[in-house]
Participant: 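Questions regarding the structure given below will be posed in turn.
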Amino acid sequence: MTAAILETRALHKNYGALTVAQNINFTLEPGTFEALIGPNGAGKSTFVNLLTGLVPPTSGTVILDGADVTAEPIEARVKRGLVRTFQINTLFNSLTVAENVILALDEHRGQGWRPLPSPSRRRRIREEAYDILGRLGLEPWGNREVKELPYGRQRLVEIAIALALRPKVLLLDEPAAGIPSTETGTIIEVLENLASDLAVLIIEHDMDLVFRFAQRITVLVQGAVLARGTPDEIANNDEVKAVYLGEGIHA
Amino acid sequence: MARTERVKSMSATYNAASGTGVSTPSTWRGLAMGRSGSDLVIASLLVLAGLATLLFGEPYWLLGAQVAITMIFALSVDLLVGFAGIVTLGHAVFFGLGAYTVGIASVHLGWTEPLSGLLLAGASAGLLGLGTGVLVLRTKGLGQLMLTMAFASLVYEIANRAKPVTGGADGLQGVIVAPIFGLFDFDIFGLTAFLYTLAVLGIVVLFAVLMTRSPYGRSLVGIRENRVRMQAIGTNVQQRLLSIYVVSAALAGVAGALLAQTSQFVGLNALHFGLSGEVLIIVALGGAGRLWGALLGAVVFSLFKDRLSALDPAYWYFWLGLLLAVIVLFAPKGLIGLVDRLMAALHPKEAQ
Ligand SMILES: Nc1ncnc2c1ncn2[C@@H]1O[C@H](COP(=O)(O)OP(=O)(O)O)[C@@H](O)[C@H]1O
Ligand SMILES: [Mg+2]
């Protein structure tokens with residue numbers, strides 16, 4: 001078994017009396033595609049927030065690429081290759097779509113401190129941004145401010161920014177939520193074309209999508225891991241079935 | 001049907017974009033760079049006004065120097081407030097510190113060389129910016145506003161009490177300034193002062209324009225737009241904000257130093273709360289987050305203040321209030337927003 005690129009040990013989070021992460025031991029290996037599922041309010045987004053450092057854990061450890069990053073700020077983890085998208089769009093709304101991606105490209109290259117413009121560099125980075133937008137069918141929107149885009153398209157900008165950061169670990173928080181079902185094809189295409197050594201953790205309610213891509217599934221209920229296994233194992237797990245009763249989980 | 005439409009529009013843009021780099025559509029519009037049309041118009045007008053004053057406006061040279069100083073000060077605040085989204089009601093502390101640095105260096109230490117005086121003032125204001133910025137940037141919104149005011153009050157009161165050094169309420173009289181490059185003495189007509197401040201203004205504007213177009217400048221806009229997202233793309237937001245806080249403080253210090261050098265006097269009102277408020281008004285009046293807006297705002301405000309306080313010294317704040325109310329209600333994006341609209345009306349195509 002390859003060494004995990006992302007790991008949590010006894011990760012715990014309380015909001016007052018409410019426990020939203022309960023003794024979570026989790027590993028993610030390079031090149032694997034894992035899904036995190038569970039009912040609304042189970043603590044899935046919180047788990048991503050704990051992994052990325054947006055929310056500090058009550059106790060427990062987050063290990064990224066062999067290093068204990070529990071005390072590291074968000075940006076330091078990003079620099080180590082841990083990249084996420086947000087369930088609720090978190091974008092530069094008054095900037096254009098291309099500029100959103102350019103900002104990410106600049107920061108990824110460590111250019112964020114560069115105090116002077118360079119037209120030739122800028123042209124190159126713009127082209128690169130448009131390459132990424134092309135993968136998401138966002139080219140025609142490149143020069144539009146994000147806030148002018150329909151919500152579904154804005155969801156794709158979340159992914160474009162994440163891709164610009166060349167992640168080693170990609171955490172996708174309900175990437176397809178809010179995208180019209182006629183457009184999920186774009187998401188599927190992107191997921192299919194992700195680099196093969198990338199580790200992906202996707203939170204998703206669309207079970208077709210989950211079972212199509214996931215090599216492993218973790219089921220989270222009330223902050224605790226209810227079950228973890230291959231799609232087959234999860235689909236046939238009685239406890240999981242009980243939780244998803246009526247929602248029709250299937251392989 | 002929707003799909004074919006999409007494909008069509010995509011190929012259209014793609015062709016336009018791949019047309020060997022001819023005039024890619026302006027980006028960061030309305031934000032970091034502003035709509036370049038309005039910027040160009042304002043820049044041309046300001047250069048013309050400067051030239052006209054130089055050639056035909058001998059009685060206005062000293063006023064011109066003051067306007068140029070206000071422009072630098074406004075620029076420093078716009079970088080902080082308009083671009084990075086930090087609020088401050090205490091920026092006069094840096095302006096005043098710059099002025100006192102030059103004044104004290106000249107009166108007490110005999111350091112009269114003007115250019116090194118500017119650098120010294122910028123450095124001391126930047127240093128104070130570093131010290132206070134660390135604390136100010138820990139807070140947000142109203143707390144931030146309070147803290148900037150608090151530091152400004154503290155320094156004001158220190159300057160007021162330290163009479164042997166600062167002259168207290170009487171101010172520092174007789175600030176001697178050596179000739180620039182050892183050649184150009186400050187004359188009573190203010191020609192040297194005017195040209196000197198214009199030259200410094202030119203350098204500062206060039207610096208600011210380049211900076212706001214750079215990856216660094218755009219990252220500030222990113223922080224203003226969405227701090228969490230900026231962190232999530234790997235930016236140390238605190239560090240980035242602290243850096244612009246220091247830069248802005250240093251520029252304000254340079255502006256203050258220019259005032260001390262050209263008026264050969266430093267008074268407590270260089271540190272006063274009212275000045276912090278005025279410069280914020282100027283930025284809002286011109287259009288926050290648009291360099292040329294701040295510059296235009298500084299000119300309009302200074303001239304307005306000069307004329308009105310001459311006509312009606314007691315009540316000029318009434319007319320100022322009226323002007324501001326009209327601008328806020330009818331041009332919420334400031335004077336530069338009006339210029340934008342004017343340009344759009346003249347060139348309906350470019351507005352797209
Ligand atoms: N900042 C917070 N303070 C208090 N409770 C919170 C906070 N953030 C999330 N919660 C609660 O934690 C639980 C888990 O939320 P979340 O992680 O968003 O769930 P999921 O993503 O699985 O739908 C919910 O009950 C939510 O109300
Ligand atoms: Mg969620």
Side-chain angles (χ1 to χ4, degrees), chain A residues 52-54 73-80 82-86 89-96 98-100 102-119 121-123 125-127 130 134 137-143 145-146 158 161-162 164-165 180 182-183, chain B residues 1-3 5-18 20-21 24-33 85 206-240 243-244 247 289 352:
Chain A
T52 56
L54 190 61
I74 299 169
E75 63 270 14
R77 303 185 201 196
V78 175
K79 296 244 160 67
R80 291 178 184 270
L82 179 66
V83 172
R84 68 160 316 164
T85 66
F86 290 85
N89 287 340
T90 304
L91 301 165
F92 308 111
N93 288 323
S94 304
L95 302 185
T96 70
E99 287 155 4
N100 270 258
I102 288 171
L103 272 175
L105 286 169
D106 275 342
E107 292 300 328
H108 177 64
R109 302 274 154 78
Q111 298 285 321
W113 284 100
R114 212 190 142 93
L116 294 175
S118 149
R121 208 192 136 271
R122 174 150 182 185
R123 213 172 304 122
I125 214 125
R126 221 182 136 72
E127 273 167 26
Y130 268 88
L138 285 171
E139 266 166 324
W141 304 86
N143 261 320
E145 284 174 22
V146 166
E158 279 279 334
I161 290 176
L165 298 171
T182 49
E183 299 285 341
Chain B
M1 184 202 140
R3 182 156 292 269
E5 246 173 41
R6 198 186 94 187
V7 170
K8 238 190 285 167
S9 66
M10 195 191 303
S11 62
T13 353
Y14 199 71
N15 288 341
S18 59
T20 52
T24 39
S26 88
T27 179
W28 306 91
R29 63 201 159 115
L31 286 154
M33 278 172 57
L206 182 68
F207 164 81
V209 166
L210 289 177
M211 201 191 79
T212 51
R213 289 172 185 228
S214 71
Y216 171 74
R218 293 189 230 137
S219 78
L220 299 178
V221 175
I223 291 172
R224 184 194 70 200
E225 283 291 306
N226 196 330
R227 201 182 264 244
V228 173
R229 170 45 83 185
M230 212 57 202
Q231 274 186 310
I233 64 174
T235 311
N236 185 330
V237 169
Q238 278 318 92
Q239 269 182 18
R240 203 66 58 89
S243 69
I244 191 61
V247 168
Q352 277 305 302

Participant: Heavy-atom pairs under 4.5 Å with chain B - which of Gly110(A), Ala164(A), Ala104(A) has more of them than the others?
Facilitator: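 The option with the most such pairs is Ala104(A).
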
Participant: What heavy-atom pair brings Pro117(A) and Leu210(B) nearest, and what distance separates the two atoms?
Facilitator: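 Closest pair (atom of Pro117(A), atom of Leu210(B), distance): CD-O, 3.3 Å.
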
Participant: Indicate the atoms forming the closest heavy-atom contact of Phe92(A) with Gly222(B), along with that distance.
Facilitator: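 Distance-wise, the nearest heavy atoms are CE2-O, 3.2 Å.
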
Participant: Can you say whether Arg77(A) sits under 4.5 Å from chain B via the side chain, the backbone, both, or neither, judging by heavy atoms?
Facilitator: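 Neither the backbone nor the side chain of Arg77(A) comes within 4.5 Å of chain B.
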
Participant: Is any side-chain heavy atom of Asn100(A) closer than 4.5 Å to one of Arg229(B)?
Facilitator: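 Arg229(B) vs Asn100(A): side chains apart.
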
Participant: Using non-hydrogen atoms only, which part of Thr52(A) is less than 4.5 Å away from chain B: side chain, backbone, both, or neither?
Facilitator: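 Neither; nothing under 4.5 Å.
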
Participant: Can you say whether Leu82(A) sits under 4.5 Å from chain B via the side chain, the backbone, both, or neither, judging by heavy atoms?
Facilitator: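 Answer is neither: Leu82(A) stays 4.5 Å or more from chain B.
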
Participant: Quick check: do Leu165(A) and Ile233(B) have side-chain heavy atoms less than 4.5 Å from each other?
Facilitator: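 When only atoms from C-beta onward are counted, Ile233(B) and Leu165(A) do touch, with a gap below 4.5 Å.
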
Participant: What heavy-atom pair brings Met230(B) and Leu103(A) nearest, and what distance separates the two atoms?
Facilitator: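 That closest heavy-atom pairing would be CE-CD2, 4.1 Å.
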
Participant: Go through the structure and list residues passing side chain to side chain donor-acceptor pair (under 3.5 Å) with Asn226(B), not counting sequence neighbours.
Facilitator: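 With sequence neighbours excluded, Asn226(B) shows a side chain to side chain donor-acceptor pair (under 3.5 Å) to no residue whatsoever.
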
Participant: If you measure from CZ on Arg114(A) to OG on Ser219(B), what distance do you get to the nearest 0.5 Å?
Facilitator: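 OG of Ser219(B) is found 13.0 Å from CZ of Arg114(A).
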
Participant: Could you tell me which non-hydrogen atom of Ala232(B) sits nearest to which non-hydrogen atom of Val78(A), and how far apart they are?
Facilitator: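 So the two residues come closest at O-CG2, 3.6 Å.
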
Participant: Salt-bridge test for Glu75(A) and Arg240(B): reply yes if a basic N is under 4.0 Å from a carboxylate O, no otherwise.
Facilitator: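 Salt bridge flag = no for Arg240(B) with Glu75(A).
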
Participant: Is the shortest side-chain heavy-atom distance between Pro73(A) and Gln238(B) below 4.5 Å?
Facilitator: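 No, every pair of side-chain atoms sits at 4.5 Å or beyond.
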
Participant: With the side chain counted from C-beta on, respond yes when Arg218(B) and Leu95(A) share a heavy-atom pair under 4.5 Å apart, and no when they do not.
Facilitator: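 SC-SC contact between Arg218(B) and Leu95(A) ruled out.
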
